[in-house]
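Everything numeric here is computed off the predicted structure, so don't read it as measured data. Numbered from 1 within each chain, the chains take letters A, B, ... in sequence-line order.
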Amino acid sequence: MADRRYWLFKSEPGAYSFSDLQNEEDRTAEWDGVRNYRARNLMRDQMKVGDGVLFYHSSTAVPAVVGTAHVVRESYPDDTAWEPTSRYYDPKASPDNPVWCMVDIQADAELPRPVTLREIKDNPKLDGMLLVRRGMRLSIQPVTREEWDEILGMSRSGPL
DNA sequence: GCCAACGTTGGC
DNA sequence: GCCAACGTTGGC
């Protein structure tokens, strides 16, 4: 797939972990609850079926990329936005004006070992990653092919 | 728990 | 449209 793009999705493992994704039916989940416009626009405008996803665990003892997944359904309305009991409820949203969208992702594989944020920061080849630069708070980030390859390569080799 | 970075809100 | 106040994220 020549124009395959790559992404990094953050999740707090206490709320939703890579294991949770692997345990879903078809290892597939709706990525709902994104409430940041930059992240939404990336999902809505650029994410395509087949795109690669690095699954990153944030707000945990050892923040790290822990697995890979891929997009199996492109952007569609996030119906949790107009569900008043949802923790993702947004009064601006409605079925006629969804405001927020989501994609579906399917787990591929746990990495041979996690690639930690510390290692990513220590690797000069990865100093352009948004994860370690501006946009640190972005829950969905674009990743280059080179960064994708580097992280998977780090995972296949031993810790530094 | 602290705090820096960043996004959002709302008064003007 | 500016910008201060406020809230959230997320590493440490």
Side-chain angles (χ1 to χ4, degrees), chain A residues 5-24 29-47 51-69 71 75-105 107-108 110-144 146-148 150-155 157-160:
Chain A
R5 294 177 193 261
Y6 300 90
W7 308 95
L8 180 145
F9 282 30
K10 290 184 189 173
S11 189
E12 299 186 17
Y16 192 84
S17 69
F18 189 67
S19 296
D20 292 329
L21 179 60
Q22 289 182 300
N23 290 331
E24 299 277 5
E30 301 180 337
W31 205 254
D32 59 16
V34 172
R35 295 293 179 266
N36 171 283
Y37 286 104
R38 281 181 68 193
R40 181 205 66 179
N41 293 348
L42 291 171
M43 279 201 296
R44 186 190 60 194
D45 303 335
Q46 298 192 34
M47 233 171 264
D51 283 2
V53 172
L54 294 174
F55 199 105
Y56 176 83
H57 281 171
S58 65
S59 294
T60 188
V62 184
V65 177
V66 296
T68 56
V71 175
S75 170
Y76 62 105
D78 180 349
D79 54 13
T80 65
W82 58 84
E83 175 49 60
T85 60
S86 170
R87 58 184 292 237
Y88 303 124
Y89 178 64
D90 180 347
K92 296 189 298 295
S94 68
D96 285 343
N97 178 31
V99 185
W100 303 107
C101 65
M102 58 187 172
V103 299
D104 290 357
I105 62 170
D108 288 323
E110 189 173 15
L111 295 190
R113 66 175 187 84
V115 175
T116 65
L117 178 62
R118 169 55 71 91
E119 289 176 88
I120 291 170
K121 285 182 171 174
D122 286 348
N123 185 338
K125 291 180 187 168
L126 297 178
D127 61 9
M129 281 189 77
L130 289 179
L131 189 67
V132 296
R133 304 190 127 249
R134 284 162 298 284
M136 191 176 91
R137 289 181 47 190
L138 203 54
S139 62
I140 289 178
Q141 310 180 349
V143 170
T144 67
E146 290 72 25
E147 291 162 350
W148 171 274
E150 180 67 16
I151 285 179
L152 296 195
M154 290 164 77
S155 179
S157 58
L160 298 177

Does the distance from a Lys or Arg side-chain N to an Asp or Glu carboxylate O, for A:Lys121 and A:Asp127, drop under 4.0 Å? no

Using whole Å, what does the distance between atom C1' of nucleotide C:dT8 and atom OH of A:Tyr37 come to? 15 Å

Rounded interatomic separation in angstrom, taking CZ from A:Arg133 and P from C:dG10: 18 Å

Rounding to an integer number of Å, can you tell me how far A:Asn36 CG sits from B:dA5 P? 18 Å

Ranking C:dC12, B:dG7, C:dG10 by distance to the side chain of A:Lys121, first place goes to C:dC12

For the residue pair A:Tyr56 and A:Trp7, is the inter-centroid distance of their aromatic rings smaller than 6.0 Å? no

Could you check how far CG of A:Asp90 sits from P of B:dG7, rounded to whole Å? 18 Å

Rounded to the nearest angstrom, tell me the gap between atom NE2 in A:His57 and atom P in C:dG11. 12 Å

How close or far is atom C1' of B:dC6 from atom CZ of A:Arg38, stated in whole angstroms? 10 Å

A:Trp100 has an atom CH2; how far is it from atom C1' of B:dT8, in whole Å? 10 Å

Between A:Tyr16 and A:Phe55, how do the two ring planes meet: parallel, tilted or perpendicular, split at 30° and 60°? tilted

Within less than 4.0 Å of OP1 or OP2 of B:dG7, is there a side-chain N or O belonging to A:Arg137? no

A:Leu138 atom CG is separated from C:dT9 atom P, nearest whole Å, by 13 Å

Report yes if at least one side-chain N or O of A:Lys10 is closer than 4.0 Å to OP1 or OP2 of C:dG10; otherwise report no. yes

Measuring from the side chain of A:Lys92 (C-beta onward, heavy atoms only), which nucleotide among C:dG10, B:dT9, B:dG7 has the closest atom? B:dT9

Looking at every heavy atom in both A:Met154 and A:Asn123, which two are closest together, and how far apart are they? SD-ND2, 3.4 Å

Given C:dG11, is OP1 or OP2 found less than 4.0 Å from the side-chain N or O atoms of A:Tyr56? yes

